[in-house]
**Q** 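First the structure, which I've put down as structure tokens, then a few questions once you've had a look.
Side-chain atoms are counted along with the backbone in the values below, which use heavy atoms only and exclude waters and symmetry mates.
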Amino acid sequence: MTTDSTGTGDPSPDHMRLIHGVGARAMDWLHTNRAGFRLEPDADPEVGFLERFKPIGEAAMICKILFREGVAGSRQASLARGLMDHLWREALDGGRSLVRGGRQEPISPIPFEVYLPFKEMGYQEPETERAVRLNHRLGSWAALEVLPVRRLGISTYEQRFGLMPSTPVEDATERTWLARTPEPWTVEGHIGYDITHTVFHLTDWGQNPAGLPAGIADYLALWLPVWLDDWLDLGRWDLLGELLVVDACLPEPTLDARAWRGFAAAQQPDGAMPAVHEMPEGSWDDVFDIVYHPTLVAAFASVLATSRAMASLTAPVAS
């Protein structure tokens with residue numbers, strides 16, 4: 001069975017090749033440009049030393065997902081392992097930068113969030129682990145004022161680390177925009193990212209589609225195709241990529257053919273994915289800082305959609 005004109009149904013071999021190719025090219029670019037994942041040890045205090053940790057944690061998470069799904073192929077797996085090693089040894093100085101970050105801002109969850117995918121992939125920094133367990137006991141840790149989707153993320157990360165969530169996951173979920181299933185036409189860029197990350201956290205970054213409450217899953221099944229069309233027409237590739245990940249996190253993903261064709265067409269021959277419209281101009285550092293995230297998202301969307309497509313091919317046929 002092949003995909004129909006709306007993108008629903010089982011993927012054709014050509015559609016699977018297109019999806020897989022996006023991720024393969026993205027991983028090539030990320031590995032080639034790995035020096036862009038860098039810290040600024042002498043950052044201005046008003047900016048903060050932790051400002052540049054986020055890209056490193058995001059890259060580590062995507063590499064972990066690639067290994068978890070096991071569908072990317074040996075070349076992508078080798079590039080992902082090389083990127084992880086670079087991030088740990090060079091960008092994070094073997095984990096010592098995480099220790100420094102934790103000392104400078106003890107109640108910031110950032111060093112903890114960045115460390116967790118490394119820990120899950122076998123990298124260890126004992127002092128950071130001790131600091132996480134100590135800081136987690138502080139009243140200020142639980143009282144930190146953050147957006148509801150951020151609180152949900154912290155709670156799910158605490159759970160993965162083996163800590164009691166400072167806010168129960170169910171309570172954190174109820175406070176998010178998506179849990180209230182509001183009017184779908186009110187979605188704009190910031191809300192769009194809140195939606196995608198709520199889904200990422202509830203499904204453990206696509207590993208457990210059943211983690212989505214039924215009401216949320218039904219709401220997304222109804223309105224996600226509309227949002228995919230909107231962001232495709234706007235050329236907002238970063239958010240479109242995240243919404244394609246959301247599709248792959250649903251109990252019944254569509255692997256929307258039109259959205260994937262548009263997304264793949266926006267990717268550059270070297271694998272870079274622009275954030276909006278066309279590739280930006282500027283210095284290498286500036287261009288990296290703009291396009292690293294949509295390129296990571298492209299790798300994430302590709303590996304998860306490929307995994308779900310392959311799972312559909314091996315699923316038992318209902319009698």
Side-chain angles (χ1 to χ4, degrees), residues 48 50-51 53-65 68 98 101-102 105-121 123-125 128-182 187 190-220 242-243 245-246 248-251 293 296-297 300 304:
L50 299 183
E51 180 67 21
F53 275 65
K54 182 171 177 280
I56 297 171
E58 291 168 337
M61 177 63 77
I62 300 312
C63 289
K64 180 208 159 189
I65 292 166
R68 183 192 76 197
L98 291 166
E105 300 186 43
I107 67 164
S108 171
I110 291 175
F112 159 62
E113 292 169 312
V114 171
Y115 177 60
L116 185 56
F118 285 102
K119 173 181 169 63
E120 292 171 333
M121 287 291 293
Y123 301 83
Q124 289 190 314
E125 210 316 299
T128 293
E129 296 202 21
R130 288 193 294 270
V132 167
R133 297 185 185 282
L134 174 64
N135 295 337
H136 181 260
R137 287 155 42 191
L138 300 175
S140 190
W141 174 281
L144 185 67
E145 295 186 4
V146 295
L147 291 171
V149 67
R150 184 85 160 87
R151 176 56 63 190
L152 173 61
I154 293 170
S155 294
T156 59
Y157 273 54
E158 289 169 330
Q159 200 168 63
R160 283 166 49 193
F161 195 84
L163 299 169
M164 179 68 71
S166 48
T167 299
V169 171
E170 294 78 8
D171 293 349
T173 300
E174 289 177 359
R175 298 172 190 172
T176 63
W177 185 97
L178 183 57
R180 304 180 188 209
T181 60
V187 173
H190 290 295
I191 293 175
Y193 285 107
D194 290 344
I195 290 169
T196 62
H197 282 71
T198 299
V199 174
F200 299 166
H201 296 314
L202 289 175
T203 63
D204 192 7
W205 297 79
Q207 184 173 19
N208 178 30
L212 278 179
I216 291 179
D218 290 344
Y219 177 79
L220 290 170
E242 291 207 4
L243 291 170
V245 176
V246 169
C249 291
L250 294 179
H293 187 269
L296 280 172
V297 169
F300 183 15
L304 202 59

**Q** What pairs with Glu125 under salt bridge (charged side-chain N to carboxylate O under 4.0 Å, His left out), at least two apart in sequence or on another chain?
**A** none
**Q** Measuring only between side-chain heavy atoms, which start at C-beta, is Asp218 closer than 4.5 Å to Thr181?
**A** no
**Q** Could you tell me if the side chain of Pro106 sits less than 4.5 Å from the side chain of Leu134, heavy atoms only?
**A** no
**Q** Please list, chain by chain and in numerical order, all residues satisfying side chain to side chain donor-acceptor pair (under 3.5 Å) with Gln124, sequence neighbours excluded.
**A** none
**Q** Determine, step by step, whether Leu220 and Leu178 satisfy the side chain to side chain contact (heavy atoms under 4.5 Å, CB included) criterion, reporting the C-alpha distance in whole Å, the side-chain angles of both residues, the deciding distance to 0.1 Å, and the verdict.
**A** CA-CA 9 Å; Leu220 290 170; Leu178 183 57; 4.1 Å; yes
**Q** Only distances under 3.5 Å count here; give the side-chain donor-acceptor pairs of residues 203-210 to other protein atoms, sequence neighbours excluded, each with its distance to 0.1 Å.
**A**
unit_1: Thr203; atom_1: OG1; unit_2: Val199; atom_2: O; d: 2.8
unit_1: Thr203; atom_1: OG1; unit_2: Gly206; atom_2: N; d: 3.0
unit_1: Asn208; atom_1: OD1; unit_2: Ala210; atom_2: N; d: 3.4

**Q** Looking at Thr167, is its backbone amide N or carbonyl O close enough to the side chain of Ser155 to form a donor-acceptor pair, meaning the two atoms are under 3.5 Å apart?
**A** yes
**Q** Residues two or more places apart in sequence or in another chain: which of them pass side chain to side chain donor-acceptor pair (under 3.5 Å) with Tyr157?
**A** none
**Q** Can you sort out the partners of Arg160 under salt bridge (charged side-chain N to carboxylate O under 4.0 Å, His left out), two or more places apart, ordered by chain and number?
**A** Glu120
**Q** Could you check if a side-chain atom of Val114 sits within less than 4.5 angstrom of a side-chain atom of Phe118, using non-hydrogen atoms only?
**A** yes
**Q** How far apart are the C-alpha atoms of Glu129 and Tyr115, what are their side-chain angles, what is the distance that settles it, and do they pass the side chain to side chain contact (heavy atoms under 4.5 Å, CB included) test?
**A** CA-CA 9 Å; Glu129 296 202 21; Tyr115 177 60; 2.6 Å; yes
**Q** Measure the spacing between CD of Glu145 and CZ of Arg151 and express it to the nearest 0.5 Å.
**A** 9.5 Å
**Q** Indicate the atoms forming the closest heavy-atom contact of Ser166 with Ala142, along with that distance.
**A** CB-CB, 3.8 Å
**Q** Distance check, rounded to the nearest 0.5 Å: Thr196 atom OG1 versus Ile191 atom CD1?
**A** 12.0 Å
**Q** CD1/Ile216 to CD1/Ile195 distance, rounded to the nearest 0.5 angstrom?
**A** 10.5 Å
**Q** With sequence neighbours left out, write down each residue that passes side chain to side chain contact (heavy atoms under 4.5 Å, CB included) with Thr156, or none if nothing qualifies.
**A** Leu152, Val169, His201
**Q** Measure the spacing between NZ of Lys119 and CZ of Phe161 and express it to the nearest 0.5 Å.
**A** 5.0 Å
**Q** Listed by chain and number, what are the side chain to side chain contact (heavy atoms under 4.5 Å, CB included) partners of Ile107, not counting sequence neighbours?
**A** Leu138, Ser140, Leu144
**Q** If you round to the nearest 0.5 Å, how far is CZ of Phe53 from CD1 of Ile110?
**A** 8.5 Å
**Q** Please round to the nearest 0.5 Å and tell me the distance separating atom CZ of Arg68 and atom CD1 of Ile62.
**A** 9.5 Å
**Q** Once side chain to side chain contact (heavy atoms under 4.5 Å, CB included) is applied, do any residues pair with Ala217, and if so which ones, sequence neighbours excluded?
**A** Leu212, Pro251
**Q** Verify, without hydrogens or angle tests, whether Tyr219 (side chain) and Ala179 (backbone) share a donor-acceptor contact under 3.5 angstrom.
**A** no
**Q** Using the ring pair (Phe, Tyr, Trp, His ring centres under 6.0 Å) criterion, which residues pair with His197? Sequence neighbours excluded.
**A** Phe200
**Q** What pairs of residues pass the salt bridge (charged side-chain N to carboxylate O under 4.0 Å, His left out) test when at least one of them lies in residues 163-176, not counting sequence neighbours?
**A** none
**Q** Applying side chain to side chain donor-acceptor pair (under 3.5 Å), can you list everything that pairs with Arg150, at least two apart in sequence or on another chain?
**A** Glu113
**Q** Just wondering, do Trp177 and Pro148 contact through their side chains at under 4.5 Å, heavy atoms?
**A** no
**Q** Of all residues at least two apart in sequence or in a different chain, which pass the side chain to side chain contact (heavy atoms under 4.5 Å, CB included) check with His136?
**A** Trp141, Glu158, Leu163
